[in-house]
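Just so you know, these numbers come straight off a predicted model, no measurement behind them. Numbers restart at 1 for each chain; the letters A, B, ... are given by sequence-line order, proteins then strands.
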Amino acid sequence: MTIQTTQAPETGVAIANSLTAGRLPKSAPWTILVAAIAVSAAVFAVVSFGSGSGYNWGGALFVGALLYIPAIWLFSTLVEGRRRAMDRLVTALVTGAFLLAMIPLVSLGITVVTLGAARFDADFFSMSMRNVTGEGGGIVHAIVGTLLMTGAAAVISIPIGLMTSIYLVEYGRGRLARGVTFLVDVMTGIPSIVAGLFAYSLFAIFLGPGTRTGIAGAVALSLLMIPVVVRSSEEMLRLVPNELREAAFALGVPKWLTIVKVVLPTSIAGITTGVMLSIARVIGETAPLLIAAGFTASVNYNLFDGRMQSLPVFVYTQYANQGNPPQAYLDRAWAAALTLILIVMALNLIARLVARFFAPKFGR
Amino acid sequence: ASNEGGAAPSESASTLSGNLVGAGASSQDAAQQSWIAGFQTANPDVTVDYDPSGSGAGRETFLEGASNFAGSDRAFKDEELAAGGFKKCAADSTIVELPLYISPIAVIFNVEGVDSLDLDAATVAGIFAGTITNWNDPAIAATNPDATLPDLAITPVHRSDDSGTTENFTEYLGAAAADVWTWEADGVWPLEGGEAAQGTSGLVDAVSNGNGTIGYADASRAGDLGTVSIKVGDEFVPYSPEAAAAIVDHSPFAEGRAEGDLAIDIDRTSEEAGVYPIVLVSYLIACGQYEDPANVDLVKGYLSYIASPEGQDTAAADAGSAPISDSLREKITAAIDSIK
Amino acid sequence: MSKRIEVRDLNVYYSKFLAVEGVNLAIEPRSVTAFIGPSGCGKSTFLRTLNRMHEVIPGARVEGEVLIDGNNLYDPDVDPVLVRRQVGMVFQRPNPFPTMSIKENVLAGVKLNNKRISKSDAEELVEKSLRGANLWNEVKDRLDRPGSGLSGGQQQRLCIARAIAVSPEVILMDEPCSALDPISTLAIEDLIEDLKQQYTIVIVTHNMQQASRVSDKTAFFNIAGTGKPGNLIEYDDTTTIFSNPSVQATEDYVSGRFG
Amino acid sequence: MSKRIEVRDLNVYYSKFLAVEGVNLAIEPRSVTAFIGPSGCGKSTFLRTLNRMHEVIPGARVEGEVLIDGNNLYDPDVDPVLVRRQVGMVFQRPNPFPTMSIKENVLAGVKLNNKRISKSDAEELVEKSLRGANLWNEVKDRLDRPGSGLSGGQQQRLCIARAIAVSPEVILMDEPCSALDPISTLAIEDLIEDLKQQYTIVIVTHNMQQASRVSDKTAFFNIAGTGKPGNLIEYDDTTTIFSNPSVQATEDYVSGRFG
Amino acid sequence: MTSAPAPIKAKLRIGDLVFSRSAVFAGSMILVTLAAVAVFLIVQSIPAVVATTEDASILKTNFWDYVGPLVFGTVWAAALALLVALPISIGIALFISHYAPRRLASVLGYVVDLLAAVPSVVFGLWGIGVFAPALVDAYAWLNEYLGWIPLFSGTPSATGRTILTAALVLAVMVLPIMTAICREVFLQTPVLHEEAALALGATRWEMIRTAVLPFGRSGIISASVLGLGRALGETMAVAMVLSASPVITFQLLTSVNPNTIAANIALSFPEAYGLNVNVLIATGLILFVVTFAVNAFARWIVSRRKEFSGAN
Ligand SMILES: Nc1ncnc2c1ncn2[C@@H]1O[C@H](COP(=O)(O)OP(=O)(O)OP(=O)(O)O)[C@@H](O)[C@H]1O
Ligand SMILES: Nc1ncnc2c1ncn2[C@@H]1O[C@H](COP(=O)(O)OP(=O)(O)OP(=O)(O)O)[C@@H](O)[C@H]1O
Ligand SMILES: [Mg+2]
Ligand SMILES: [Mg+2]
């Protein structure tokens with residue numbers, strides 16, 4: 001049998017197995033990576049020797065990894081051809097993108113954990129800042145405030161957001177839908193501080209000037225939260241194949257039940273992710289809460305009366321208005337930041353478990 | 001929370017109870033927190049909240065009648081007083097402005113091997129105006145013969161936010177070095193460009209993280225950074241609470257104010273020995289007469305506590321402020337007593 | 001339990017495109033009617049108008065009347081949901097619910113409508129429906145596994161089981177056997193034979209043999225050319241259509257049959 | 001241009017589930033081989049192993065060897081991309097790219113290999129491929145419309161056009177005609193006849209008549225019961241399988257044929 | 001045929017009615033809320049727009065001169081942030097959906113989501129304390145060797161707190177939300193289409209290009225819009241990290257950087273009084289308008305090829 005050359009130029013090379021023609025060996029990427037890092041390390045060594053400064057390990061690794069990308073592309077182009085090379089290049093880039101994003105994450109993580117650990121003690125989670133100056137004190141009041149206000153914001157935003165996205169995907173046609181879509185987009189652009197001002201002014205109308213309450217803070221947060229919920233849920237609902245809706249309709253299922261029992265469960269994972277993102281988005285807001293919910297050192301369980309402290313405001317004020325000794329304030333700030341992150345992580349984890357429970361039962 | 005609740009079987013015979021709300025200058029925040037702690041401990045049934053939302057916001061809030069008292073890095077201006085409209089106060093009431101928080105502003109810098117410098121107002125102004133750009137500039141060397149000044153670019157750092165600290169600092173520069181510093185006193189840094197940082201903390205961070213940086217900040221936050229002794233008369237005065245209190249004592253009260261309105265015109269050019277001219281005076285502002293008498297006792301109680309030696313000392317300990325002098329305290333106490 | 005369907009002057013549009021034009025047709029209760037015709041001539045489109053499923057497609061609309069036992073489906077106050085509960089449908093492409101197990105899929109018509117059903121009734125219904133769709137033996141051990149893990153043919157039979165589980169009065173089937181092997185096809189055809197005792201059945205098929213085997217009447221649709229609307233060319237007893245059609249086009253089409 | 005395929009002791013697993021067991025088979029170049037068997041017996045699964053498409057399914061893996069012209073497809077350093085470029089595939093469910101126009105769909109594979117195809121070449125290729133798939137007349141006026149706006153059968157023919165446009169050496173077809181009307185089916189069968197002059201073709205079908213019409217050899221797969229793996233029962237010349245099979249099960253299956 | 005002849009004529013379905021009404025209601029709520037916000041902004045802004053330096057001490061000349069550099073800074077910082085974040089987040093999303101081993105993928109997704117858990121104040125603290133100082137050397141290097149490019153010219157900042165740093169911090173902040181949406185959309189790509197591409201002999205990248213990316217296009221745009229919205233409106237982190245002045249400059253590495261609207265409000269609001277407050281709120285209105293324009297543009301892109309959208 002004659003091996004004929006096909007129009008694909010890479011295939012015709014006469015090697016034992018024509019299907020392996022012109023492939024880099026499996027180990028090639030690693031070899032190239034190691035080589036790239038070695039080259040970079042050597043260059044850094046020369047530079048550091050020349051300038052007398054300390055050896056920069058991070059820089060050497062980073063530049064080495066950077067070097068790998070063109071290197072693998074070059075080798076692959078030479079040996080495997082353009083298409084394979086492109087594939088390898090994209091693989092390297094995509095992996096690189098992920099690793100790149102890990103840099104700030106790891107850096108942030110290390111910073112927050114090491115600096116936050118100093119005050120991660122029992123007092124911190126059993127005390128408020130009432131009558132505390134200098135060292136000591138805790139963040140019970142801020143945790144309570146954050147949970148209550150974020151919770152209230154979620155209670156307001158998730159139904160509205162979800163129903164709006166359902167409206168947009170399932171019901172909306174014509175002008176109103178287009179208007180809503182557009183306005184939701186515009187809503188994403190409300191600066192958080194303006195949301196705070198608006199909520200503050202709104203409640204000033206009803207409750208008298210100058211009232212700062214948890215609920216005003218929650219309303220400000222909802223303003224920021226709703227567009228994120230709508231946008232992400234809308235995207236997820238649109239991905240539900242029409243076939244499934246048709247299947248349900250054909251069984252004589254009313255539209256609303258189809259949405260509740262078929263469309264929502266199918267997209268639940270994505271929606272949960274979106275909702276979690278929206279919560280994460282607002283739970284860390286400082287500016288609007290400073291304006292709408294005020295500042296207090298005491299615990300307040302009542303959303304509708306009195307000022308409420310929140311973790312981000314606490315972090316911010318501890319950092320911005322340091323007293324004596326400053327370190328005590330900084331320690332509290334970082335420990336509160338760590339707490340906030342842990343709270344969001346925990347919420348995220350719970351949401352994922354919930355989502356997994358309802359998620360479509362197919363692969364991936 | 002374990003520290004909450006006034007039910008502690010305290011021996012205090014306090015009869016005060018209720019909720020007191022203030023808002024204003026964030027410069028006072030640390031001091032306010034320690035005053036609040038002290039006052040609440042003595043009066044377990046009282047809750048005082050202070051929003052460190054900023055002087056402007058504090059004054060607006062007070063105007064709207066949304067707070068019982070305000071903290072502000074400057075007194076109300078004459079025209080603002082004339083416009084009136086303080087919602088919490090009785091119709092024809094004046095307001096009480098008390099200079100209860102006095103804090104020196106330190107000029108801080110970060111230059112390796114230099115802990116302190118002696119500078120005159122013109123040099124400081126030159127540095128911040130960008131006419132003196134290197135640490136080995138002869139103008140600096142002239143007053144610091146012993147310091148080893150590096151050949152290093154000066155990076156002056158100013159506040160990016162609108163702040164009382166900036167206003168006081170630029171007021172000092174304008175008064176004491178009028179030839180070099182031709183801008184008006186303003187809470188917003190008047191020059192374009194330059195390194196800017198948000199808040200005292202941001203500025204301190206920027207100065208400590210940079211190299212060859214210089215800035216100005218509440219003295220309590222100077223930490224390990226190098227600080228400047230300012231030339232007053234013929235000597236160089238380092239910042240200190242006493243020196244800061246002294247300049248206030250040597251300054252006149254603003255004219256044409258109502259009784260109890262103790263706004264001070266700080267004499268930045270004073271040549272008096274032992275005064276430190278770069279200070280921030282922050283006021284506590286209350287009504288001369290409240291529309292609703294319910295809050296009067298609370299306000300008076302709280303302000304009296306702040307003005308007391310005990311109150312001034314806790315603030316000095318917790319916030320690094322300068323305790324007011326006894327002579328000033330007398331006038332303030334009289335003003336507090338006049339509140340109805 | 002079965003219904004008579006009468007179609008009068010029906011036009012179906014996709015937005016501005018006229019897909020099916022001027023259909024007049026009467027389908028007798030307790031009979032099987034087959035729709036045949038070349039691809040793209042509008043069989044599916046027309047079928048969907050019989051239970052208003054076309055309304056799901058944006059822009060699709062209808063002119064004319066469809067009477068089910070004399071009630072016009074397109075009367076303004078008719079509830080499409082109730083129509084669909086009486087007129088069930090099986091699609092060309094199998095579409096089991098991915099979030100549901102095999103069992104839940106079969107019970108979907110019941111469960112999704114929030115009807116309560118006792119556990120034993122449910123199990124009975126599941127078995128009956130799956131047996132009816134000739135799927136019971138293959139899946140009885142994995143009723144709680146996801147429906148999307150089945151082979152194409154298995155999925156289609158699952159959809160048939162799901163449709164018959166709600167016992168509609170008319171069943172529309174859009175090429176239900178195109179993904180099935182001969183044995184399953186035979187089983188479905190037997191099932192159609194059974195169902196016909198009680199229900200009215202309409203089936204779209206490309207398989208002439210199937211049409212001639214299962215149907216009582218056959219409707220032949222054709223299309224004059226691209227962009228032209230589909231038309232009902234001839235509608236008659238199946239034997240007539242396959243042995244002695246009155247229109248030449250029908251004869252051409254059915255005689256091109258093979259196998 | 002065509003290739004000989006030899007399969008040795010092939011087992012296919014979905015994670016732990018053994019779906020197809022111990023297949024041995026040799027497919028001659030320039031021939032048409034048909035796979036028949038009941039639904040769920042693993043025809044599609046096995047077919048996908050011939051161009052390593054099973055690897056796309058998470059958990060699916062293979063034991064054994066598939067030799068194409070003597071080269072083992074499963075050698076560790078074989079590039080599945082090269083394999084698939086030589087072994088094209090048409091799926092059971094039509095899957096045109098919804099984001100592309102009809103024309104772009106046809107050219108999708110070609111564009112990958114050869115970015116700079118001249119406009120006239122491209123148009124020629126589009127026409128040739130669409131004609132080959134018997135779709136040209138229906139779509140020639142709307143080549144720039146989205147491929148997803150076609151009827152099921154039209155979509156399937158579009159996918160066939162897309163597959164033949166890259167002129168692979170082996171073409172695997174998984175029930176390519178199940179969604180087609182008889183005319184299109186006939187056209188595809190004619191196409192297969194044509195392609196056979198140059199290519200090796202493997203086709204899965206449920207249509208016995210189709211198998212007997214188009215294929216040179218036929219492989220019958222069966223499954224002993226649920227959860228059991230599918231097996232290759234008999235593999236022989238098509239005429240032998242349909243007239244005189246050596247295994248009883250084969251006879252049972254093909255004689256259950258109808259129409 | 002014994003059953004009632006016309007059960008087909010139906011009551012209006014309560015469930016449907018309630019559900020669709022509440023959906024419409026929710027949609028209208030957004031209209032109402034936004035109208036309220038707009039009214040609030042406009043009413044508060046009117047006195048500011050016509051104000052001069054006499055009325056509002058914050059203004060040097062008039063409102064438009066004040067807001068100009070801020071608009072520039074806002075758009076510039078957000079654009080830079082998006083420029084960095086978009087390719088990276090698409091990359092990460094692809095990595096998680098199509099490259100990483102399946103077991104690892106969900107864990108990795110979670111790890112990236114963690115970034116969303118970081119409050120903006122903490123980004124600010126980290127930006128000042130860790131990130132900006134770490135960039136000083138890199139900026140000096142860029143300035144020395146690439147200073148001939150106008151973007152990198154000027155005197156590099158001694159503290160690293162430049163607009164580029166702020167944009168990078170913003171990029172990190174918008175990454176999780178963009179990544180999450182892209183990832184979910186990519187994961188939903190129909191397997192049929194991926195298989196279609198692979199069967200044509202596409203490499204993984206080509207499969208992604210032909211099947212995944214076109215399918216996810218509207219999702220990618222949604223993600224960008226959300227990311228951009230966040231970047232345009234982010235307040236605290238920018239306020240804390242950026243060394244800002246009222247200037248317009250394209251230089252990325254100097255101490256002199258344009259400010260953003262949101263950060264400027266945060267910086268000036270605490271000390272604002274009288275008409276200055278209105279001026280600041282008016283800048284908020286301008287930000288609103290900017291976002292409006294950006295989104296209109298994005299929507300227009302999506303709608304251009306609507307019929308080719310994958311999902312329906
Ligand atoms: N959603 C749609 N939007 C616009 N046109 C459509 C749509 N669905 C189908 N069409 C067009 O309507 C005509 C009829 O399509 P239909 O699906 O009813 O054909 P069919 O007879 O069922 O074909 P097949 O046998 O291939 O399933 C075709 O020209 C098709 O392109
Ligand atoms: N993705 C999958 N994961 C797990 N099991 C699968 C998967 N796909 C198919 N199977 C199982 O493997 C077996 C063979 O399926 P396959 O799709 O190959 O059957 P088939 O012969 O092509 O059937 P049909 O004629 O209905 O298409 C079946 O039992 C099926 O349930
Ligand atoms: Mg059809
Ligand atoms: Mg199959």
Check each atom of [X] against the heavy atoms of chain E and say whether the ones under 4.5 Å are side chain, backbone, both or neither.
X        : answer
A/Leu115 : neither
A/Leu168 : neither
A/Thr111 : side chain
A/Tyr171 : side chain
A/Leu176 : side chain
A/Ile291 : side chain
A/Leu108 : both
A/Val230 : side chain
A/Met276 : neither

Report the option among [options] that has the most heavy-atom pairs separated by less than 4.5 Å from atoms of chain A.
options                     : answer
E/Ile265, E/Leu168, E/Val18 : E/Ile265
E/Phe25, E/Phe123, E/Phe269 : E/Phe269
E/Gln44, E/Arg230, E/Met173 : E/Arg230
E/Gly129, E/Gly27, E/Gly233 : E/Gly27

Close side-chain approach of [X] to [Y], heavy-atom, < 4.5 Å:
X        : Y        : result
E/Ile281 : A/Val194 : no
A/Phe314 : E/Val121 : no
A/Thr91  : E/Trp205 : no
A/Arg231 : E/Val225 : yes
E/Leu125 : A/Trp334 : yes
E/Phe19  : A/Lys255 : no

Might you point out which heavy atoms bring [X] and [Y] nearest each other, and give the distance in Å?
X        : Y        : result
A/Thr273 : E/Ala180 : CG2-CB, 4.0 Å
A/Glu235 : E/Ile181 : CG-CG2, 4.3 Å
E/Thr235 : A/Ala287 : CG2-CB, 4.2 Å
A/Met163 : E/Ala26  : CB-CB, 3.4 Å
E/Ile30  : A/Val184 : CD1-CG2, 3.8 Å
A/Val94  : E/Leu94  : CG1-C, 4.2 Å

Which value, rounded to the nearest 0.5 Å, describes the distance between [X] atom [atom1] and [Y] atom [atom2]?
X        : Y        : atom1 : atom2 : answer
E/Thr33  : A/Ile226 : OG1   : CD1   : 6.0 Å
E/Glu184 : A/Leu239 : CD    : CG    : 9.0 Å
A/Trp256 : E/Ser22  : CH2   : OG    : 10.0 Å
E/Ser20  : A/Ile166 : OG    : CD1   : 11.5 Å

Checked A/Ala101, A/Ala195, A/Pro104, A/Gly270 vs chain E; the most non-hydrogen pairs under 4.5 Å come from A/Pro104
Take the angle between the ring planes of E/Phe95 and A/Phe98 and call it parallel below 30°, perpendicular above 60°, tilted in between. parallel
Determine, stepwise, if the pair E/Ile128 / A/Tyr319 fulfils side-chain contact (heavy atoms from CB on, under 4.5 Å). CA-CA 12 Å; E/Ile128 304 174; A/Tyr319 166 75; 3.5 Å; yes
Report the C-alpha distance between E/Trp126 and A/Ser107 in whole Å, list the side-chain angles of each, state the deciding distance to 0.1 Å, and finish with yes or no for side chain to side chain donor-acceptor pair (under 3.5 Å). CA-CA 9 Å; E/Trp126 173 77; A/Ser107 164; 2.8 Å; yes
A/Ile190: which of E/Leu41, E/Val37, E/Thr291 passes side chain to side chain contact (heavy atoms under 4.5 Å, CB included): E/Val37
Please name the residue in the list A/Ile341, A/Ile283, A/Leu311, A/Val315 that meets the side chain to side chain contact (heavy atoms under 4.5 Å, CB included) test with E/Pro119. A/Ile341
Part of [X] within contact of chain A (heavy atom distance under 4.5 Å):
X        : value
E/Ala36  : both
E/Ile88  : both
E/Val172 : side chain
E/Val111 : both

